[in-house]
Amino acid sequence: MSDKNISGRGQRELRVRVKTAKGRKLSSTLWLERQLNDPYVIRARKEGYRGRAAYKILELDDRYGFLKPGARVVDLGCAPGGWCQVAVVRVNALGQNPKKPVGTVLGVDLQEVEPIPGAELHQLDFLSDDADALVKGWLGGRADVVMSDMAAAASGHKATDHLRIVALIEAALDFAFDVLEDGGTFVAKVLAGGAENTMQATLKKNFRKVANVKPPASRSDSSEKFVVAMGYRGRELAAAAAADDDADE
Ligand SMILES: C[S@@+](CC[C@H](N)C(=O)[O-])C[C@H]1O[C@@H](n2cnc3c(N)ncnc32)[C@H](O)[C@@H]1O
């Protein structure tokens, strides 16, 4: 790269600086400089992950352990594929005991995703009318983990962006309620300004444990955080509701 200088004194302080090139906006130059110096971007390149986002799910799973060998995982908004790459390794216990059960990873995204061995990938707008039915068909049963890193491209119009975020989280949660196995886990990116209170109340009612986390790989200047809701109580709640109905008759 011709417009790259290395500055700094010691090895640890080496920082790539990018000069503003003709035709490139200052914001793009700053973005490029941040990418080139981001330790997670550098690590992802070295370790073969498709993006720094991989470390967010790695860190969440290291803490909560939901990507168990044999688990069936649905990854919503999976492009370019970092979360899927992590999930494939963990649910198949690759590099560990070869006798461990085989898990599945199903990823969907608006964009096309380059194939990932061990994952089934589909291009789909998850907000389209038939999305739930299509994904359920591909899944062919229940899931142990539904995870969503879906984020709509910013329109610059605050109210519109807010509505889009809420729609994506609600769609992911509705789908999770539909397909999760009892005891299953829902992981989703939420942004400050989303439908926070309503969603937290719904999650607390339907899952045994709900954590709100900002993993170290999530940039501190970003308003994103993640909810990790574990121990889905779907059948237990349905049974309790049915028992109430019987008692009322
Ligand atoms: C932050 S990226 C996901 C990164 C991914 N977790 C990874 O590790 O590579 C957010 C993704 O959400 C996707 N997305 C946004 N709206 C969507 C929708 N309506 N349906 C499906 N995917 C959507 C975007 O196309 C984008 O690829």
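For reference, positions follow the sequence shown, starting with 1. Note that ligands are numbered from 1 as they come in the structure, with each ligand's atoms numbered from 1 the same way.
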Next item on the list: Identify the protein heavy atom lying closest to atom 10 (C) of ligand 1, giving its residue, its atom name and the separation to 0.1 Å.
Entry: Asp149 O, 3.3 Å
Item checked: Whether Lys56 lies under 4.0 Å from ligand 1, heavy atom -> no
Note to self: How far is atom 20 (N) of ligand 1 from the closest protein heavy atom, and which atom is that?
What the structure shows: Phe126 N, 2.9 Å
Margin query: Which label fits Phe207 and Tyr232: parallel for a plane angle under 30°, tilted from 30 to 60°, or perpendicular past 60°?
Written below: tilted
Margin query: Just to confirm my output: which protein heavy-atom neighbour is closest to atom 19 (N) of ligand 1, and how far is it?
Written below: Asp125 OD1, 2.9 Å
Notebook entry, point to check: Between Cys78 and ligand 1, which residue portion shows a heavy-atom distance shorter than 4.0 Å: side chain, backbone, both, or neither?
Noted result: backbone
Next item on the list: Output yes when the distance from some N or O of ligand 1 to some N or O of Lys189 is under 3.5 Å, and no in every other case.
Entry: no
Note to self: For Arg208, I'd like to know if atom CZ has over 12 heavy atoms of other residues, nucleotides or ligands within 6.0 Å.
What the structure shows: yes
Notebook entry, point to check: Do Leu121 and Leu106 belong together in a cluster built from hydrophobic side chains that touch within less than 4.5 Å?
Noted result: no
Next item on the list: Please identify each residue that fulfils salt bridge (Lys or Arg N to Asp or Glu O under 4.0 Å) with Arg233, with sequence neighbours left out.
Entry: Glu236
Margin query: Leu168 versus ligand 1: do any nitrogen or oxygen atoms come within less than 3.5 Å of each other?
Written below: no
Margin query: Any nitrogen or oxygen of Met150 lying under 3.5 Å from a nitrogen or oxygen in ligand 1? Just yes or no.
Written below: no
Notebook entry, point to check: Are the side chains of Val179 and Val135 in touch, meaning some heavy atoms are under 4.5 Å apart?
Noted result: no
Notebook entry, point to check: For atom 16 (N) of ligand 1, which protein heavy atom lies nearest, and how many Å away is it?
Noted result: Leu110 CD1, 3.7 Å
Check: Can you pull the salt bridge (Lys or Arg N to Asp or Glu O under 4.0 Å) pairs that have at least one residue in residues 110-132, sequence neighbours excluded?
Finding: none
Next item on the list: May I ask whether Ile57 has any heavy atom positioned less than 4.0 angstrom from an atom of ligand 1?
Entry: no
Margin query: Just to check, does Gln111 reach to within less than 4.0 Å of ligand 1 when the distance is taken from its heavy atoms?
Written below: yes
Notebook entry, point to check: What's the shortest distance from atom 13 (C) of ligand 1 to any protein heavy atom, and which residue and atom give it?
Noted result: Asp109 OD2, 3.3 Å
Margin query: Can you tell whether the side chains of Arg43 and Asp38 come within less than 4.0 Å, N to carboxylate O?
Written below: no
Next item on the list: Ignoring hydrogens and angles, state whether a donor on the side chain of Glu47 or Tyr55 is under 3.5 Å from an acceptor on the partner side chain.
Entry: yes
Notebook entry, point to check: Do Phe177 and Phe186 make the cut of ring centroids closer than 6.0 angstrom?
Noted result: no
Checklist line | Any N/O pair Pro80/ligand 1 closer than 3.5 Å | finding: yes
Notebook entry, point to check: With distance as the sole test, does Asp144 use its side chain to make a donor-acceptor pair with the main-chain N or O of Ala71 at under 3.5 Å?
Noted result: no
Checklist line | Sub-4.0 Å atoms of ligand 1 with respect to non-hydrogen atoms of Leu124 | finding: 20 (N), 21 (C)
Checklist line | Contact check: Asp75 vs ligand 1, nitrogen or oxygen atoms, below 3.5 angstrom | finding: no
Checklist line | Proximal candidate to atom 9 (O) of ligand 1 [heavy atom criterion; set Gly81, Ala171, Gly51] | finding: Gly81
Checklist line | Common cluster, Ile42/Tyr49, ILVMFWY with side-chain heavy-atom separation under 4.5 Å | finding: no
Margin query: Going by the closest heavy atom to atom 2 (S) of ligand 1, which one wins out of Ala53, Ala151, Ala79?
Written below: Ala79
Margin query: Looking only at protein heavy atoms, which one is nearest to atom 7 (C) of ligand 1, and what is the separation?
Written below: Gly82 N, 3.4 Å
